[in-house]
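Notes for the one structure printed next.
Quick note: numbers below take in every heavy atom, side chains included, and nothing from hydrogens, waters or symmetry partners. Order of appearance sets the numbers: ligands from 1, and atoms from 1 within every ligand.
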Amino acid sequence: MNYPNFTTEHKSLMRKYLTKDVFEELKDKKTLNNFTLENAINSGVQNPDSGIGAYVGDQESYTVFASLFDKIIEDYHGFTKDDTHKSNLNVDDLDAPLNDDLDKYIVSTRIRVGRNLDNMPLGTSISIKQRAEVESIVSNALSSLEDDLKGTYYSLDGMSEEISSSLIKDHFLFKAGDRFLETAGLNRDWPKSRGIYHNDNKTFLVWINEEDELRIISMQNGGDIKTVFARLIKAVKELEKKMSFSYSEHLGYITSCPTNLGTAMRASVHIKLPNLSNDMDRFQEIANKYFLQIRGIDGEHSKSVGGVFDISNKRRLGVTEVQCVQDMYDGVIALIEVEKSL
Ligand code: ADP
Ligand code: DAR
């Protein structure tokens with residue numbers, strides 16, 4: 001492997017920290033799943049506009065390629081190689097009282113976590129057989145869920161056009177990943193062993209074998225953030241009785257992209273802020289103060305429509321799940337106050 005032919009267009013953290021020395025140290029290394037440095041950085045080499053530019057093939061990659069990933073993780077999360085992650089899934093520790101404004105301004109609330117099975121390669125390096133094993137383990141576990149989590153699993157392989165378009169319309173279904181995921185190897189053998197589960201009233205979903213092996217999602221219309229969080233926690237605890245997730249004391253829940261490490265949680269609202277959207281500098285200033293990320297309403301890299309934005313926590317590692325949701329709640333309260341004043 002030769003040192004990548006970076007151009008001035010390459011702006012990712014991978015480009016920033018893959019110095020010639022780090023490259024020489026790592027270029028011939030590989031993990032037990034034969035995941036190499038070339039595999040890890042391909043997405044960022046092929047897509048100069050990447051922000052991060054690197055994915056891992058397994059939990060071991062974070063150790064084997066530590067000279068690169070430690071720097072990316074410290075830069076993005078402000079989390080050093082000596083820090084340890086803490087988890088807190090106790091919904092009672094969340095201070096998020098419901099009020100009329102939340103339901104007036106918030107169209108919908110969604111809280112998701114990423115998970116990957118222990119002792120299994122990640123989507124970037126998994127084999128067809130292993131990916132089928134993940135689908136079987138997870139869909140069988142889902143089929144045993146009861147009460148308000150009870151529902152149906154739909155495999156994407158052979159899914160009817162009717163079901164597919166209905167799920168996409170509800171923002172429930174994921175499509176083949178974007179060019180970043182494609183060049184990371186996450187779309188290989190698409191749509192084999194990919195699928196979606198949702199409960200009967202479509203407030204609980206699980207994506208199987210998308211960017212991570214599981215995306216566990218609780219969502220509903222309106223702004224009752226605490227109820228959405230409580231449902232997610234109940235589901236995660238039910239699933240943890242039936243499978244073990246890849247986790248480390250240092251990095252928390254292991255994910256294919258370093259941005260999702262730790263809690264692997266994104267707590268988001270689709271919120272109407274038409275007035276504040278006329279002053280994006282002030283909007284971004286408030287988002288920075290409350291550790292918020294501003295997205296469009298059709299997912300990452302999309303645009304906002306009609307003054308509705310996807311607002312979510314930016315911090316995922318070195319903070320607990322309760323803090324992620326508290327970040328989002330406190331930020332949303334502040335944004336609504338400003339919107340009302342305009
Ligand atoms: P992630 O799954 O990492 O959060 P995205 O930002 O791509 O990734 O969102 C995935 C899907 O979830 C998109 O279709 C997006 O529109 C939808 N979504 C995200 N947040 C909400 C929300 N609060 N309400 C409704 N849909 C949402
Ligand atoms: N677009 C890639 C990934 C950034 C984080 N988003 C994820 N993991 N979906 C980049 O390097 O910019």
Taking ring-ring contact (aromatic ring centres under 6.0 Å, His included) as the cut-off, I'd like each qualifying pair that reaches into residues 249-272, sequence neighbours left out, listed once.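 Of all non-adjacent pairs touching residues 249-272, those that pass ring-ring contact (aromatic ring centres under 6.0 Å, His included) are F79-H250, H171-H270, Y247-Y253.
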Does only the side chain of F309 get under 4.0 Å from ligand 1, or the backbone, or both, or neither? Count heavy atoms.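 Neither; no heavy atom under 4.0 Å.
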One residue to check: R266. Relative to ligand 1, which of side chain, backbone, both or neither has a non-hydrogen atom less than 4.0 Å away?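 The answer is the side chain.
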Can you check whether T109 has an N/O within less than 3.5 Å of an N/O in ligand 1?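 Between T109 and ligand 1, no N or O pair is found under 3.5 Å apart.
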Can an N or O of M219 be found at a distance shorter than 3.5 Å from an N or O of ligand 1?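 So ligand 1 has no N or O lying under 3.5 Å from an N or O of M219.
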Can you tell me which residue and heavy atom of the protein come closest to [atom], and the distance to 0.1 Å?
atom                    : result
atom 21 (C) of ligand 1 : H270 NE2, 3.3 Å
atom 16 (O) of ligand 1 : I297 O, 2.8 Å
atom 5 (P) of ligand 1  : R295 NH1, 3.5 Å
atom 18 (N) of ligand 1 : R110 CD, 3.5 Å
atom 15 (C) of ligand 1 : G299 N, 3.7 Å

Using the six-membered ring of [Y], assess whether NZ or CZ of [X] lies under 6.0 Å from its centre and within 45 degrees of the ring axis.
X    : Y    : answer
K29  : F65  : no
K234 : F204 : no
R110 : W207 : yes

Tell me which residues fall inside the under-4.0 Å heavy-atom shell around ligand 2.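 Residue list for ligand 2: S50, G51, I52, G53, Y55, F180, E211, C257, T259, N260, E300, H301.
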Within-shell test, W207 vs ligand 1, heavy atom, strictly < 4.0 Å: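 Checking ligand 1 against W207, which is what was asked, there is a heavy-atom contact under 4.0 Å.
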With no hydrogens and no angle check, just 3.5 Å: does a side-chain donor-acceptor pair link S268 and S312?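 No, no side-chain donor-acceptor pair sits under 3.5 Å.
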